[in-house]
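These notes concern the structure reproduced below.
Letters go in sequence order (proteins before strands), and every chain restarts at 1.
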Amino acid sequence: MSDTEHGHRYTAELAGQIEKQWQDVWEEQGTFEAPNPTGPWADPQGVAEREKVMIQDMFPYPSGAGLHVGHPLGYIATDVYARYQRTQGKNVLYTLGYDAFGLPAEQYAVQTGQHPRKTTEDNMVNMRRQLRQLGLSHDMRRTFATIEPSYYKWTQWIFLQIFNAWYDEDAGKARPIDTLVEALESGRVATPDGRAWAELNATERAAAVNARRLAYKSDAPVNWSPGLGTVVANEEVTADGRTERGNFPVFKRNLPQWMMRITAYADRLVDDLERLDWPESIKLQQRNWIGRSNGASIRFDVENHEGAQLEVFTTRPDTIFGATFMVVAPEHPLVDTLVPDTWPEGTKDAWSGGATSPREAVDTYRREASRKSDLERQTGEKGKTGVFTGAFATNPVTGRRMPVFVADYVLMGYGTGAIMAVPAQDERDWDFAAAYDLDVIRTVQPSEGHPENKPFTGAGVAINSATSGLSLDGLGIEDAKVKIIEWLEANERGSGTTTYRLRDWLFSRQRYWGEPFPVVYDENGEAHALPESMLPVELPDVADYSPKTYDPEDAQSMPESPLSRASEWVSVELDLGDGRKTYTRETNTMPNWAGSCWYELRYADPANDERFVDTGCEEYWLGKGRGFGKGVANDPGGVDLYVGGAEHAVLHLLYARFWHKVLFDLGLISSEEPFRKLYNQGMVQAYAYRDGRGQPVPAAEVTEREVDGETVFEWQGERVTREYGKMGKSLKNVVTPDEMCDAFGADTFRVYEMSMGPLDASRPWETRAAVGSQRFLQRLWRNVVDEGSGEVTVTDAPMDDATKRALHQTIDAVSADFENLCFNTAVARLIELNNTLTKLDAVPREAAEALVLMTAPLAPHIGEELWKRLGHDTTLAFEPFPVADPAFLVQDTVVAVVQVAGKVRDRLDVAADISEADLEAAAMASERVQSFLEGKTVRKVIVRAPKLVNIVAN
RNA sequence: GCCCUCGUAGCCCAACGGCAGAGGCAGGCGACUUAAAAUCGCUGUGUUGCGGGUUCGACUCCCGUCGAGGGCACCA
């Protein structure tokens with residue numbers, strides 16, 4: 001800066017100095033440390049009678065690439081909000097930890113040949129630096145990383161609570177496992193095979209108990225991804241049968257894995273969504289994922305197979321009169337027993353698939369189906385294929401003979417893997433019936449004009465639905481369902497049922513970089529939970545932490561845990577109550593979701609080494625009816641505001657709710673939900689440019705100009721094409737917060753991020769537009785400080801009336817905007833007020849101080865600096881937010897609009913409290929209005945005093 | 001295919017069913033400057049994507065349609 005005349009101008013350089021200085025002050029003084037009511041950090045006096053608010057971001061994964069300008073959007077928003085809440089006298093819990101276990105860390109470590117702990121810790125150092133320079137008001141005492149043994153000790157401890165619990169359907173909640181033993185003893189809960197508890201031996205008893213644990217070992221089909229080298233949960237598999245991370249094929253394999261009985265909570269996870277203040281789209285995604293559907297299970301007799309019944313699930317039992325055939329999944333266990341040796345009488349040509357026997361046809365079809373991956377089965381052309389099994393079932397209502405088909409459009413994993421097909425009211429069944437020459441009987445009256453050649457899936461009354469003793473005819477769908485279910489139950493042919501799409505959560509991974517399970521196996525392979533005293537089970541250092549991966553298509557490969565190679569660690573001598581014995585450790589690790597399933601609880605009391613969270617702290621920060629839950633009926637408790645991306649709709653957010661509910665059931669916490677209010681911030685997107693070969697070119701070097709009225713983009717003189725999407729290294733369009741802080745300062749960066757648009761909207765990044773935010777702060781600075789001398793220039797003279805009104809209207813609007821997370825409009829109003837002050841000869845101190853206080857949540861460093869220069873010697877963090885005086889919000893006179901037939905024809909200055917009659921009279925008296933009314937008859941006059949009159953005339 | 005969100009000035013975006021424009025970017029004009037940058041001041045005429053409907057009055061509510069983004073997808 002050679003410009004000595006403006007030696008005190010608010011430049012990026014000066015901003016940088018101020019920012020660094022205030023960040024140091026906040027850290028030294030512990031400005032943002034929030035007192036706790038109880039526990040190791042008890043400070044009841046600090047808590048006193050203040051209201052609390054807990055604000056939380058979805059914590060980041062510390063990636064090697066560092067942050068780009070999109071990442072801090074949510075953090076800045078929560079920081080502005082947290083700072084605003086402090087000015088409302090609230091005790092604010094606001095901090096940020098690191099989700100530091102997981103696949104990417106391990107992959108990055110493998111790539112760079114370093115230990116994951118080393119790379120993860122390095123990345124966290126870098127990320128802490130990046131976040132610190134933004135001036136986020138985190139309580140730094142409360143930060144932690146999920147990889148710290150002092151944290152994952154409690155992750156393991158919670159696993160043990162879940163392992164040592166079962167879901168008591170009668171009580172509608174999880175209970176400790178010893179109550180299961182009582183229930184089994186008393187016969188209230190049946191043993192797996194129905195025998196009395198007293199008749200079971202020790203092994204059988206253990207198995208009976210294990211079968212009901214909330215965390216259990218199962219050998220069911222799981223998603224095995226050879227290319228990734230691990231199994232993954234259903235939630236981590238995309239619709240086309242690939243892993244969400246890495247995009248590798250997934251194969252169903254029976255493998256012994258740990259599962260979490262999240263299905264026990266299906267109803268509560270759906271129902272309690274109504275108690276949450278969450279975006280509807282996220283609630284909808286959770287509802288869809290859980291997929292609760294009500295219907296009936298119905299048992300069908302099979303001809304020539306005494307006792308063999310085919311059980312189906314249907315949501316439309318009311319259409320049973322229209323069921324003309326049945327379909328079972330290729331994997332259905334009954335298929336083998338159903339298939340006869342020869343084609344029975346009545347087999348149509350289309351049914352046999354050209355095979356000489358049902359056995360041959362079914363075997364061929366099943367073989368082909370099994371060769372298809374899930375991908376092919378689901379995304380292949382929607383034409384229905386299948387083959388007749390040679391068996392007939394009997395419709396229990398009509399007595400009709402119904403051929404039984406095998407077809408892969410029925411999935412073994414949903415319902416019972418078998419359906420009654422009702423082509424008239426189901427598109428899939430219609431397509432199949434059309435392809436295989438099967439009968440269609442309409443049993444719901446289609447709406448008028450419904451095409452003959454299409455199934456009718458809408459609402460209507462039942463037709464063709466009567467036999468002797470039962471008639472649904474004339475009933476609507478819901479009534480018909482009730483009646484048929486009554487009939488089915490009375491005749492023991494079926495019953496009303498609810499099914500879910502949700503499956504239990506696959507909870508083990510063949511990875512190194514995760515929480516070890518607190519589980520060992522004895523010589524019989526029996527799993528034993530370790531006692532709390534042996535926690536944490538620390539992750540051993542190993543030479544080779546890389547997962548064993550295979551050819552992505554090698555479905556027959558076997559997963560191998562990296563920890564299984566740590567033989568010294570795996571074999572361990574312990575006394576678990578039966579004397580010292582050698583045990584084998586579980587070598588799988590927990591999925592990276594585990595650490596984020598309960599971190600909100602730990603934030604409340606992170607120093608506690610006696611308990612995962614002190615009960616008083618949990619109740620204070622997350623308890624029901626507190627914070628934003630105050631006065632809310634049926635409030636479930638939880639974090640007051642949780643901000644993060646929408647991509648975690650059914651993964652993290654579902655898992656965390658599940659764990660929270662288990663902990664609640666076991667009486668360990670008082671809140672029923674982890675996150676009371678959820679807000680999804682939008683994505684910062686960016687333009688990327690490619691050259692003629694399709695290679696991305698550095699976006700920052702691309703120039704733009706007009707050619708023949710068309711905008712063209714060029715890089716090094718060459719035309720390039722523009723596309724719009726995410727910011728990423730490979731697209732060469734990354735802008736980092738570091739660059740922004742260097743070029744403009746952190747406060748400008750923060751204001752720009754907040755001013756770009758509504759927080760929940762995605763928006764394109766445009767670095768050069770940030771100068772607008774810089775100009776705002778420069779003008780604010782200049783309204784207080786003389787650029788040449790550095791002297792404070794505000795005047796102590798009273799404000800004029802117009803300024804006073806402008807100030808109080810801004811206060812009123814900005815408080816509401818902050819309250820509602822509308823930071824873009826808050827910035828606009830602050831700029832407006834600032835521009836108003838700029839036009840004055842001298843800025844009144846009262847206005848300047850209020851403006852500084854209002855701007856400070858957005859731009860805290862310049863706020864503190866100006867506050868100090870204005871003569872205050874303590875932080876403004878806890879200064880009360882300015883309060884609007886209603887006296888200055890109302891205008892004495894307002895401009896009333898007079899419309900004739902909806903078009904504005906005149907404007908009148910009228911008193912703000914003018915009566916409707918007076919306003920109407922004034923409007924009618926207007927000459928301009930009269931000129932428009934000439935030759936017309938006034939039909940009606942609408943008066944909305946004091947702002948509007950609309951005269952309807954023709 | 002179904003569901004959700006969103007379409008306003010060249011761009012990003014405001015606007016309790018009541019005057020289409022708060023704020024910013026870009027552009028234009030002017031001031032300052034030997035000049036340029038920076039800075040400061042001034043500067044907004046548009047099919048509110050399109051077509052219907054409700055209403056005295058529609059960017060706003062309803063129906064249809066087109067486009068963009070996201071989610072689900074043979075779930076019985």
Side-chain angles (χ1 to χ4, degrees), chain A residues 3 6 9 11 238-240 279-285 288-289 291-293 295 312-317 319 327 377-380 382-384 407-411 413-422 425-429 431-432 499-501 646-647 649-650 680 682-683 685 704 706 709 711 724-725 751-752 755-758 760-773 775-776 778-779 782 787 813 822 824-832 834-835 838-839 895-907 939-942 944 947-953:
Chain A
D3 193 352
H6 296 140
R9 171 169 286 177
T11 58
T238 61
D240 54 2
E280 268 315 308
S281 64
I282 300 288
K283 291 189 185 183
L284 190 71
Q285 283 182 59
N288 286 344
W289 186 260
R292 176 166 65 188
S293 54
V312 306
F313 173 76
T314 176
T315 55
R316 293 295 301 275
T319 63
V327 184
R377 264 173 82 159
Q378 285 173 29
T379 59
K382 299 280 165 149
K384 300 279 177 289
D408 64 6
Y409 82 90
V410 171
L411 309 174
Y414 184 78
T416 61
I419 62 161
M420 65 175 201
V422 186
Q425 275 89 229
D426 184 285
E427 286 188 29
R428 296 151 301 178
D429 296 346
D431 292 346
F432 193 82
T499 63
Y500 304 86
R501 198 179 93 108
E647 67 274 15
V650 290
N680 294 125
M683 232 191 309
Q685 297 184 289
E704 182 183 337
E706 293 266 311
T711 309
Y724 183 59
V751 170
Y752 177 57
S755 68
M756 288 169 77
D760 58 357
S762 291
R763 69 290 301 275
W765 181 259
E766 193 184 359
T767 299
R768 62 182 176 174
V771 300
S773 301
R775 287 177 190 150
F776 162 49
Q778 275 177 342
R779 278 192 279 246
R782 210 181 304 123
E787 284 188 341
C822 299
N824 55 325
T825 50
V827 172
R829 291 177 198 281
L830 292 169
I831 290 173
E832 199 178 7
N834 194 43
N835 290 347
T838 302
K839 294 184 178 77
V895 177
V897 172
V898 185
Q899 299 175 332
V900 177
K903 289 198 171 59
V904 179
R905 298 304 187 188
D906 200 7
R907 295 183 169 82
R939 301 288 175 194
K940 197 173 181 181
V941 181
I942 289 107
R944 293 281 179 275
K947 287 175 76 176
L948 180 118
V949 179
N950 187 9
I951 302 164
V952 186

Sugar-phosphate only, base, or nothing, as touched by A:Ser281 at under 4.0 Å among non-hydrogen atoms | sugar-phosphate
B:G67 pairs with, by Watson-Crick or G-U criteria that keep both distances under 3.5 Å = B:C6
Report yes if at least one side-chain N or O of A:Arg768 is closer than 4.0 Å to OP1 or OP2 of B:C11; otherwise report no.
-> no
Would you classify A:Arg779 as touching base, sugar-phosphate or nothing, given that sugar-phosphate means primed atoms plus P, OP1 and OP2, and contacts are heavy atoms under 4.0 Å?
-> sugar-phosphate
Across all strands shown, which nucleotide pairs with B:C40 by Watson-Crick or G-U wobble geometry, both distances under 3.5 Å?
-> B:G30
First of A:Arg782 and A:Gly291 reached from the 5' end of RNA chain B, by closest nucleotide = A:Arg782
Look only at the side chain of A:Tyr752 and the backbone of A:Thr767, and say whether a donor-acceptor pair between them is shorter than 3.5 Å.
-> no
Taking atom CD of A:Glu427 as the centre, report whether more than 12 heavy atoms of other residues, nucleotides or ligands fall under 6.0 Å from it.
-> no
Considering only B:A22, B:C19, B:A38, which nucleotide approaches the side chain of A:Gln899 most closely?
-> B:C19
Under 4.0 Å between a side-chain N or O of A:Asn835 and OP1 or OP2 of B:G24?
-> yes
Between B:A22, B:U39, B:C42, which nucleotide gets closest to the side-chain atoms of A:Lys839?
-> B:C42
Can you tell me the distance, in whole Å, between the OH atom of A:Tyr724 and the C1' atom of B:G70?
-> 13 Å
Touch class at under 4.0 angstrom, heavy-atom based, for A:Ser773 against every strand present | nothing
Rounding to a whole Å, what distance do you find between A:Leu830:CG and B:G24:C1'?
-> 13 Å
Rounded to the nearest 0.5 angstrom, the CZ-OG distance for A:Arg763 and A:Ser755 is 9.0 Å
Counting side-chain heavy atoms from C-beta on, which of B:C74, B:A14, B:G18 comes nearest to A:Pro758?
-> B:A14
Would you indicate which nucleotide in B:C19, B:G57, B:C25 comes nearest to any side-chain atom of A:Arg907?
-> B:C19
Whether A:Arg944 side chain and A:Ile942 backbone form a donor-acceptor pair below 3.5 Å = no
Side-chain atoms of A:Arg944 come closest, of B:C56, B:A76, B:G71, to B:C56
Select base, sugar-phosphate, or nothing to describe what A:Val897 touches, counting heavy atoms under 4.0 Å on all strands.
-> base
Could you state the CD-P distance from A:Gln778 to B:U39, rounded to the nearest angstrom?
-> 6 Å
Nucleotide nearest A:Arg775 when distance is taken to its side chain, options B:C13, B:C40, B:C72 = B:C40
Which listed nucleotide (B:G23, B:A76, B:C72) is nearest to the side chain of A:Arg501?
-> B:C72
Could you tell me whether A:Lys384 sits above the aromatic face of A:Tyr409, with NZ or CZ closer than 6.0 angstrom to the six-membered ring centre and within 45 degrees of the axis?
-> yes
Per A:Val410 side chain, nearest of listed nucleotides B:C12, B:G23, B:A76 = B:A76
How many Å lie between CZ on A:Arg292 and P on B:A76, as a whole number?
-> 14 Å
Whole angstrom value for the distance that separates P of B:C3 from CD of A:Glu280 | 16 Å
Hunt down the Watson-Crick or G-U wobble partner of B:C72, both distances under 3.5 Å, from any strand shown, or write none.
-> B:G1
Considering only side-chain heavy atoms of A:Leu948, which listed nucleotide, B:C25, B:G23, B:G18, is closest?
-> B:G18
Atom-pair distance (CZ on A:Arg316; P on B:A76), nearest Å = 11 Å
Look at A:Lys940 and B:C56 and indicate whether a side-chain polar atom (N or O) is within less than 4.0 Å of OP1 or OP2.
-> yes
Give one of base, sugar-phosphate or nothing for A:Leu284, where a contact means two heavy atoms less than 4.0 Å apart.
-> sugar-phosphate
Would you call A:Glu280 and A:Lys283 a salt bridge, using N to O less than 4.0 angstrom?
-> yes
So, is A:Asn824 close to the B:A14 phosphate, meaning a side-chain N or O under 4.0 Å from OP1 or OP2?
-> yes
Is A:Ile419 close to A:Tyr414 at the side-chain level, that is, under 4.5 Å between some pair of heavy atoms?
-> no
If the P atom of B:U39 is compared with that of B:U45, how far apart are they to the nearest Å?
-> 26 Å
Touch check for A:Glu647, heavy atoms < 4.0 angstrom, all strands: base, sugar-phosphate only, or nothing?
-> nothing
Measure from CG on A:Asn288 to C1' on B:C2 and round the result to the nearest Å.
-> 10 Å
Toward the 5' end of RNA chain B, by each residue's nearest nucleotide, A:Ala770 or A:Asp426 | A:Ala770
For atom C1', what is the distance between B:G49 and B:G67, given to the nearest Å?
-> 7 Å
Does OP1 or OP2 of B:C19 have a side-chain N or O of A:Arg905 closer than 4.0 Å?
-> no
B:C61 pairs with which nucleotide, Watson-Crick or G-U wobble, both distances below 3.5 Å?
-> B:G53
With respect to the side chain of A:Pro764, which nucleotide from B:C74, B:G23, B:C13 is positioned closest?
-> B:C13
